[in-house]
Amino acid sequence: MNIQIAPSILSADFANLERDLKAIGTADMVHVDVMDHHFVPNLTLGEPVVERICQVSDLPVDVHLMIEDPDRWAPEFARLGAASVTFHMGATHAPVRLARQLRDMGVKASFAVRPAEPVEPLFDILDEFDMILIMTVEPGFGGQRFLSNQMGKVRRLRDRIKELGLDTHIQVDGGVSAKTAPIVAEAGADVLVAGSAVYGAPDRAQAIEAIRGAAQAAVRS
Ligand code: DX5
Ligand code: ZN
């Protein structure tokens, strides 16, 4: 399995976004956290900023919507140039309809579950999504402690994806570092979001490679 690294710009300098985007050129995608003060107790950025990020980024833009009513708003972010759009189980009314709408627009559809939400309800609709995001912190803030108790979910999900013969990606988001990367990769995740572990390091490229290397070495066959 090929490990992909998605640095989260939540931990970047919002006054120097273009500079901080260029600093992660060796990553596989850039993870953009959109928060609305309602679904999560934080407010980040919206359509105009995401549009500019899509214009200046050399990497595919992975938009993580932590907002209410993604059924209404997710297609807007797809239209702005995102490569993938993630919406949450706890906020989405019709995830299959929304995923189909995004895929029809040529954008990857991704569904997210929070730590207290089960992954089993997705087991019969997995073919509708390109990626499942297992949150390894409560969404809302960077720099929180990694929840290793979410690894059972990753494991069960990977087994089910294999059983169905699908190529669905499993993304993990929250507390991922070179130290926790082997744990998530061994459990079966292949797309690793890392905010503070990348932007908190003096050398971002080195931090990306450290996480990638640690994860790749732990991938189970
Ligand atoms: C948190 C966000 C994450 C955040 C991760 O709700 O979804 O993407 O940036 O930050 P770290 O890697 O610092 O836990
Ligand atoms: Zn995120």
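Atom set for the values below is all heavy atoms of this structure, side chains included, hydrogens, waters and symmetry mates excluded. None of the values given here were measured: they were computed from a predicted structure. Each ligand, and each atom within it, is numbered from 1 in the order the structure gives.
- We find that Glu120 and Arg160 are not joined by a salt bridge, their nearest charged nitrogen and carboxylate oxygen being 4.0 Å or further apart.
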Pairwise, report which nitrogen or oxygen atoms of ligand 1 are under 3.5 angstrom from protein nitrogen or oxygen atoms, and how far apart they are.
| from | atom 1 | to | atom 2 | distance (Å) |
| --- | --- | --- | --- | --- |
| ligand 1 | 6 (O) | Gly140 | N | 2.7 |
| ligand 1 | 7 (O) | Asp33 | OD1 | 3.0 |
| ligand 1 | 7 (O) | His64 | ND1 | 3.3 |
| ligand 1 | 7 (O) | Asp173 | OD2 | 2.8 |
| ligand 1 | 8 (O) | His31 | NE2 | 3.3 |
| ligand 1 | 8 (O) | Asp33 | OD1 | 3.1 |
| ligand 1 | 8 (O) | Asp33 | OD2 | 2.8 |
| ligand 1 | 8 (O) | Asp173 | OD1 | 2.8 |
| ligand 1 | 8 (O) | Asp173 | OD2 | 3.0 |
| ligand 1 | 9 (O) | Ser8 | OG | 2.7 |
| ligand 1 | 9 (O) | Asp33 | OD2 | 3.3 |
| ligand 1 | 12 (O) | Gly195 | N | 2.8 |
| ligand 1 | 13 (O) | Gly143 | N | 2.8 |
| ligand 1 | 13 (O) | Ser196 | N | 3.0 |
| ligand 1 | 13 (O) | Ser196 | OG | 2.5 |
| ligand 1 | 14 (O) | Gly175 | N | 2.8 |

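- The aromatic rings of Phe39 and His88 are tilted relative to each other, their planes meeting at an angle between 30° and 60°.
- Side-chain atoms of Arg114 do not come within 3.5 Å of backbone N or O of Ile134 as any donor-acceptor pair.
- With rounding to the nearest 0.5 angstrom, the NE2 atom of His37 is 12.5 Å from the CD atom of Glu68.
- Of all protein atoms, those that are N, O or S and lie under 2.8 Å from the Zn ion (ligand 2) total 4.
- Ionic pairing of Lys108 and Asp62 is not present here: no N-O contact between side-chain nitrogen and carboxylate oxygen is shorter than 4.0 angstrom.
- Between Arg72 and Asp36 there is no salt bridge, since none of the side-chain N atoms of the basic residue sits less than 4.0 Å from a carboxylate O of the acidic one.
- The pair Arg52-Glu18 does not meet the salt-bridge criterion, since no charged nitrogen lies less than 4.0 angstrom from a carboxylate oxygen.
- For the residue pair His64/Asp173, the side-chain donor-acceptor check at 3.5 Å is satisfied.
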Test side chain to side chain contact (heavy atoms under 4.5 Å, CB included) on Leu65 and Phe77; report intermediate values, then the result. CA-CA 9 Å; Leu65 296 178; Phe77 288 91; 3.7 Å; yes
